[in-house]
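Report on the following structure.
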Number of protein chains: 2
Amino acid sequence: MRGTACEAARETVCEGADGEEALDIFAQRCPSRVMFAELVDKWSMLILMSLAACGPQRFSELQRAVGGVSRKMLTQSLRTLERDGLVRRTVYPETPPRVVYGLLPLGAELAELLAPLGRWTEQHTEQMIAARKAFDQAHTDG
Amino acid sequence: MRGTACEAARETVCEGADGEEALDIFAQRCPSRVMFAELVDKWSMLILMSLAACGPQRFSELQRAVGGVSRKMLTQSLRTLERDGLVRRTVYPETPPRVVYGLLPLGAELAELLAPLGRWTEQHTEQMIAARKAFDQAHTDG
DNA sequence: CCGAATCCTACATGATACTG
DNA sequence: CAGTATCATGTAGGATTCGG
């Protein structure tokens with residue numbers, strides 16, 4: 001509930017001197033907000049969901065699984081996920097090299113929250129498109 | 001589970017001629033993917049979460065609640081949410097004008113999936129920052 | 001096969017000023 | 001108060017090329 005007073009001082013520097021629990025994604029400069037902004041990235045979320053649904057995958061498998069992702073964005077997103085402790089990168093020194101990405105516990109936890117979001121989107125896409133169409137028609141008389 | 005074969009043809013045009021259930025956020029050109037990419041927007045998600053946590057709010061209240069959002073982005077995000085049937089905009093023709101935004105059922109549903117995501121982020125921010133620090137140190141010898 | 005490094009463009013976003 | 005319009009710009013992200 002974000003505390004008792006929703007309209008209260010939200011400009012708290014997000015980390016009180018003594019009180020804990022001060023991390024707040026609604027606070028502009030809070031580390032939580034920064035992390036949140038990074039996590040709610042299209043590619044990162046799809047990657048996590050794919051790894052959760054299909055298990056560890058190679059780079060090229062992931063690129064095929066996540067439709068439309070470029071090598072650059074895939075690499076970049078995987079790096080960030082690895083850096084934050086969500087994904088583990090394993091290199092098998094063969095020739096040609098084989099690299100496998102898998103979820104760490106932290107990433108698996110997060111992926112469990114993401115899956116419902118993905119399902120919900122698929123199940124309500126038509127409804128939202130219909131709403132959009134209605135909205136656009138109602139505003140045709142501009 | 002994304003069907004049985006995870007490595008199967010993901011390039012399905014996302015909408016079979018007869019079969020339903022074809023909406024797939026992993027498919028590049030699927031309407032679901034487009035919607036998904038729109039929904040996982042930093043500002044939109046924070047707005048939905050704020051409305052869910054604090055109830056209907058005025059424009060300026062929302063701007064204060066969602067730290068760092070500009071009027072432009074707030075307006076733009078609210079328009080999209082309204083267009084997609086997630087948020088309702090109510091104008092009270094007073095002077096000065098009063099405009100209140102509230103969740104429609106569809107938006108409330110989605111917000112329920114978003115709240116855990118926000119909490120999880122706040123609860124694991126420190127852990128991710130620690131992982132990041134460790135990662136960066138391990139790669140200092142580059 | 002798995003990336004890193006460059007280059008380059010379009011769009012997202014902020015800043016600012018104006019309106020009803 | 002609640003926007004809209006315009007301009008400026010940074011950067012996300014695609015295309016391409018090179019390396020291990």
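The sequence lines fix the lettering, A, B, ..., with proteins before strands; numbering per chain opens at 1.
- Spacing between atom CD of Glu94(B) and atom C1' of dA2(D) amounts to 13 Å, rounded to whole angstrom units.
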What's the verdict on salt bridge (charged side-chain N to carboxylate O under 4.0 Å, His left out) for Glu82(A) and Arg79(A), showing C-alpha distance, side-chain angles and the deciding distance? CA-CA 5 Å; Glu82(A) 188 193 359; Arg79(A) 272 290 166 283; 3.4 Å; yes
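- Interface residues of residues 72-86 of chain A facing DNA chain D, ordered by number: Lys72(A), Met73(A); criterion, heavy-atom separation under 4.0 Å.
- Checking dG13(D), dG3(C), dC1(C) against every side-chain atom of Pro97(A), the shortest atom distance belongs to dC1(C).
- Atom-to-atom, CZ of Arg89(B) to C1' of dG3(D) comes out at 8 Å; the value is rounded to the nearest Å.
- With dC1(D), dC1(C), dT13(C) as the choices, the nucleotide that has an atom nearest any side-chain atom of Pro96(A) turns out to be dC1(C).
- Between Thr95(B) and dC1(D) there is no side-chain polar atom (N or O) within less than 4.0 angstrom of OP1 or OP2.
- Separating the CG atom of Leu62(B) from the P atom of dA2(D) is a distance of 10 Å, rounded to the nearest angstrom.
- Residue Arg58(A) is in sugar-phosphate contact alone, with no base atom involved, counting any heavy-atom pair closer than 4.0 Å across all strands shown.
- Nearest nucleotide to the side chain of Phe59(A), out of dC1(C), dG14(C), dG3(C): dG3(C).
- Taken from CD in Glu109(A) to CD in Gln123(B), the straight-line distance is 9.0 Å, to the nearest 0.5 Å.
- For residues 57-111 of chain B, there are no ring pair (Phe, Tyr, Trp, His ring centres under 6.0 Å) pairs, not counting sequence neighbours.
- Counting non-hydrogen atoms under 4.0 angstrom, Tyr101(B) reaches the backbone sugars and phosphates but no base.
- The listed nucleotides are dC2(C), dG14(C), dG14(D); the one nearest the side chain of Ser70(A) is dG14(D).
- Between the CG atom of Asp41(A) and the P atom of dA12(D) there is a distance of 10 Å, given to the nearest Å.
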